[in-house]
Number of protein chains: 2
Amino acid sequence: MVRSRGRIDKRQAILDGAFTVFARQGYAQACVQEIANEAGVAKPTVYNHLTDKATLFRHAMQTAAQTALHERLAALEPLAEPGPDLRATLEEVGHRLLRLHTDDRSCALRRLLYSEITQFPDILDIVTESGPHRLTQAVADRLARLTLAGRLRASDPDRAAEQFMALLTGPLEARSRMGTRRIDDAELHEIARAAVGTFLASFGPADG
Amino acid sequence: MVRSRGRIDKRQAILDGAFTVFARQGYAQACVQEIANEAGVAKPTVYNHLTDKATLFRHAMQTAAQTALHERLAALEPLAEPGPDLRATLEEVGHRLLRLHTDDRSCALRRLLYSEITQFPDILDIVTESGPHRLTQAVADRLARLTLAGRLRASDPDRAAEQFMALLTGPLEARSRMGTRRIDDAELHEIARAAVGTFLASFGPADG
DNA sequence: AGTATTTTGAACTCATGAGTTCAACAGAGG
DNA sequence: CCTCTGTTGAACTCATGAGTTCAAAATACT
């Protein structure tokens, strides 16, 4: 078969292919040869760029986690300049987050994190720090601003953010059967609506 | 070494030992010899009772899931006869659920479920049916009763139960860093209190 | 005691896959 | 054209672990 040879950026291809295969097979079941095939590269090239299967895994996870975090942070943007209808804005943001949360790579990332946390305790630091923690922080920042502006009553923004995220992702995990079942957009909207409803009942402005 | 021989109940010992080792190592990294050692049994005995490593895994997961479900259902009992202080009862139940949720075997069960769901899609049926689903159902039943008795306003008990569970377990997952960090009882109480607070703000009786 | 059943340990087969080696090879730069 | 660096494929070593075999021993049942 004819492949592009030479010193083109194989590294990124390898990391992408690695995550794809790890996501499909899990760490132990994934074999390096298959990763090489997926990346369109020879096996020694893989070892040339990343010494170990373990190193390969760590780097693949890190890249995937950073990508996921950036996507999520971008989804929060509407909260910076919320329109007159705060409920609608929150539902919009919630829906976007749910969409990202149901993404195949996101699900795979969570699965891999859960499964290999015993073998790779250090990955938790790499991923969590640029993962849910930072995201919840960012949400808390937004909620604090909104509280100062008198549009929310989140006296403890961190807890409010924590519960906002929980109300979104908790029901999702249960309904998607851990990412196994596909969930259509209508159901995502419904979950977001319900989450925002409960959230505002507790943290919304005094008049309703 | 001197071991108890004969046809005493080795099967249960094998399943227990299997879950212990799977919990420690994950499916792929666990080796049958080690499971046999953990169970105080010879390797061929394991294959005598459970044909495969895969079969062994399935049965171990099923047993663990059933145990976990029973514990959780028992924790709901106070909701059957709630005292005059509904908030206190909910917090009590919430705290008990959190305790069970942070249990080592519980965390291991969730981890294994997440990690092997690709290799063993059928385990999801075995476990989920006797897992979170049934639990949320049971909570919904209780909430429906309380609503009929005029002590709650959960017009949709299923959604209320879903959110109640989410408010409990969501913050827990984040804070425990996926079961990595230990969480003391005080923090569990605090999470339960916060969860019930938000829950009652949305579903509590009209007067507060 | 005597017979049937199960357990045991140890050694075995066999497949799989990580990581290496190496000679041939492609492309960039001089 | 020639060299240097990175890539390739194929064959290799080596460790690990699933599942089996078997004769000896322990236990249960009568």
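Every chain is numbered from 1 and lettered A, B, ... according to where its sequence line falls, protein lines coming before strand lines. Keep in mind that what you see is a predicted model, and the values were worked out from it rather than measured. Computed from heavy atoms alone, side chains included, the values below leave out hydrogens, waters and symmetry copies.
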Practice item. Examine C:dT6: is either OP1 or OP2 under 4.0 Å from a nitrogen or oxygen in the side chain of B:H49? Give yes or no. Key: no

Check your understanding: Any ion pair linking A:R182 and A:D104 (charged N to carboxylate O, less than 4.0 Å)?
Key -> yes

[atom1] of [X] versus [atom2] of [N]: gap in Å, rounded?
X	N	atom1	atom2	value
A:L50	C:dA18	CG	P	14 Å
B:Q33	D:dT20	CD	P	15 Å
A:R11	D:dG6	CZ	C1'	15 Å
B:F57	D:dG19	CZ	P	14 Å
B:Y47	C:dT6	OH	C1'	18 Å
B:D52	C:dA15	CG	C1'	15 Å
A:I35	C:dA18	CD1	P	8 Å
A:N48	C:dC22	CG	C1'	14 Å

Review point. Side chains of A:R105 and A:T20: donor-acceptor distance under 3.5 Å anywhere?
Key: yes

Check your understanding: Under 6.0 Å from the six-membered ring centre of B:F22 and within 45° of its axis: does the NZ or CZ of B:K53 meet both?
Key -> no

Point to revise | Centroid separation B:F164 to B:F203 less than 6.0 Å | key: no

Check every atom of [options] against the side chain of [X] and return the nucleotide holding the closest atom.
X	options	result
B:T45	C:dA18, C:dT8, D:dG9	C:dT8
A:A42	C:dG19, D:dT8, C:dT7	D:dT8
A:C31	C:dT8, C:dA18, D:dA18	C:dA18

Check your understanding: Is there a donor on the side chain of B:K43 or the base of C:dG9 sitting less than 3.5 Å from an acceptor on the other?
Key -> no

Check your understanding: Between the side-chain atoms of A:K53 and the base atoms of C:dG17, is any donor-acceptor pair under 3.5 Å?
Key -> no

Practice item. Look at all strands and tell whether A:A54 reaches a base, only sugar-phosphate, or nothing, counting heavy atoms closer than 4.0 Å. Key: nothing

Check your understanding: Do the ring planes of A:Y27 and A:F120 sit parallel (below 30°), tilted (30 to 60°) or perpendicular (above 60°)?
Key -> perpendicular

